[in-house]
Amino acid sequence: MIASWPFAALLSVATALTLRENAQQQLASPAPAEDGMPTIYESTIMARRILSQSSEGTLVTVFPSETENDDLSISENRPQGMAGSPIGLMEYFADCDTTGNPTILAIGIATPFRNYVAGSNISLSVRWWPSQTHIYSTTEDENIPTPHTPAALPRFSLHGYLEDVDFRDYRNYRVPACFLAKHPDSVLWQPGNDVHTSKYVRLVVEHVYWFGGFGDRARIGWLPMEDWRRVTKGEIDRMRLPGEK
């Protein structure tokens, strides 16, 4: 049956496999990049830049088994068979930490945090899109690789665990001020509000999966955590992302 495939389809499959293999090899190699491909460290700075410029992401957890938390399952009216199924929901965050651990205002009643307390792993997916529009140009722009599609732009996934923000950061108002600067509307559900129990937590990042865009011009794969931690504010401030003004 393969012999009957159109040549163009076979060529597309071969090209995709080649690009994926090349991207994986390039990410594994510490050698300087060629032909404009960002280095591993440059890709890490780009990810930290996206984190600093963004304020929303998709928080991913999995549902616990009904036997682990029957009360939670009943209160949500959860369908049968959802145990272990992932769910991703939009969540506010702010880059208030110099080591790349995003700060989140955890609402106790929210599904991601209930799942996490019940034993779920957790990750935060963040993407870069400089122009909030669904009408894309079909012309090439040197500042945005293949600007007609978000698929060409970078995104990443942070994997780790949650830890409570130190009380001293509450007391000196550092964390609330940082978070409210990104999300003024969150003043309504700050810790101590009359509606929902909430608290500030940090996603302590243990692993970073980077998808820089198309494999012929961007890196794809896991970034070194030592690089993630040692990126400086100056490097973040100097970096410019595709399409960023």
Side-chain angles (χ1 to χ4, degrees), residues 47-48 50-51 54-97 99-129 134 150-151 153-167 169-170 175-176 178-180 182-183 185-212 220-223 225 228:
R48 289 289 305 273
I50 294 171
L51 189 71
S54 303
S55 58
E56 300 170 5
T58 301
L59 204 58
V60 181
T61 57
V62 298
F63 287 110
S65 66
E66 287 79 0
T67 56
E68 288 175 350
N69 199 330
D70 286 332
D71 291 340
L72 176 57
S73 178
I74 294 170
S75 67
E76 291 181 343
N77 194 28
R78 189 188 309 156
Q80 292 292 321
M82 292 301 294
S85 179
I87 180 170
L89 296 171
M90 186 279 291
E91 196 67 43
Y92 286 177
F93 73 86
D95 184 23
C96 303
D97 189 296
T99 58
N101 294 327
T103 297
I104 300 170
L105 182 57
I107 311 299
I109 198 173
T111 297
F113 307 109
R114 296 172 77 169
N115 286 348
Y116 181 77
V117 169
S120 171
N121 289 335
I122 193 165
S123 65
L124 178 68
S125 177
V126 183
R127 75 184 188 107
W128 170 249
W129 183 239
H134 293 289
L153 295 173
R155 57 271 200 192
F156 58 89
S157 180
L158 304 178
H159 299 253
Y161 62 91
L162 300 180
E163 70 172 14
D164 291 353
V165 168
D166 192 293
F167 178 74
D169 289 329
Y170 281 92
V175 166
C178 170
F179 196 87
L180 284 164
K182 285 281 190 179
H183 307 285
D185 56 322
S186 71
V187 68
L188 299 174
W189 53 92
Q190 290 292 305
N193 73 84
D194 297 330
V195 182
H196 296 303
T197 301
S198 66
K199 64 178 179 179
Y200 280 108
V201 297
R202 288 191 182 93
L203 175 60
V204 180
V205 179
E206 296 181 301
H207 306 287
V208 180
Y209 187 81
W210 171 253
F211 196 103
I220 301 172
W222 299 96
L223 299 176
M225 284 309 302
W228 181 261

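Keep in mind that the numbers below use all heavy atoms, side chains included, and drop hydrogens, waters and symmetry copies.
Under the 30°/60° scheme for interplanar angles, the aromatic rings of H183 and Y92 are found to lie parallel.
Considering all non-hydrogen atoms of both residues, I220 and Y209 come closest at CG2-OH, 3.4 Å. Between L51 and P102, the closest heavy-atom pair is CD1-CB, 4.2 Å. Between R48 and D97 the shortest heavy-atom distance is NH2-O, 4.3 Å. Nearest heavy atoms, R114 versus I109: CD-O, 3.0 Å. Taking all atoms of both residues into account, the shortest heavy-atom contact from W228 to G100 is NE1-O, 3.1 Å.
In terms of modelled atom types and a separation under 3.5 Å, the side chain of S120 and the main chain of V62 share a donor-acceptor contact. No donor-acceptor distance shorter than 3.5 angstrom exists from the side chain of R127 to the backbone of S125, with no hydrogens or angles considered. For S198 (side chain) and W189 (main-chain N/O), a donor-acceptor pair under 3.5 Å exists by modelled atom type.
Counting heavy atoms from C-beta on, the side chains of S157 and F211 never come closer than 4.5 Å. A 4.5 Å side-chain heavy-atom check between F156 and L223 finds every atom pair outside the cut-off. Counting heavy atoms from C-beta on, the side chains of V205 and M225 come closer than 4.5 Å. At a threshold of 4.5 Å between non-hydrogen side-chain atoms, the residues Q190 and L180 count as touching. Between Y116 and N121, every side-chain heavy-atom pair lies at or beyond the 4.5 Å cut-off. In this structure, the side chains of L59 and I122 come closer than 4.5 Å at one or more pairs of heavy atoms. Contact annotation: the side chain of N101 never approaches that of L203 to less than 4.5 Å [non-hydrogen atoms, C-beta and beyond]. Between I50 and P154, the closest side-chain pair of non-hydrogen atoms falls below 4.5 Å.
Enclosure of atom NZ in K199 is not indicated, since only 12 or fewer non-hydrogen atoms of other residues, nucleotides or ligands lie within 6.0 angstrom.
Put simply, CH2 on W129 and CZ on R155 are 10.5 Å apart, with the number rounded to the nearest 0.5 Å. Summarising the geometry, atom CZ belonging to R202 is positioned 12.0 Å from atom CG belonging to L162; distances are rounded to the nearest 0.5 Å.
Legend: residues meeting side chain to side chain contact (heavy atoms under 4.5 Å, CB included) with I87, ordered by chain and number and at least two apart, are T61, F63, L89, T111, N115.
The one candidate from V175, I104, L105 that meets the side-chain contact (heavy atoms from CB on, under 4.5 Å) condition with V165 is V175. None of P191, C178, C96 except one satisfies the side-chain contact (heavy atoms from CB on, under 4.5 Å) rule with Y200; the exception is P191.
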Go through the steps for E91 and F113 under the test side chain to side chain contact (heavy atoms under 4.5 Å, CB included), then give the verdict. CA-CA 11 Å; E91 196 67 43; F113 307 109; 3.9 Å; yes
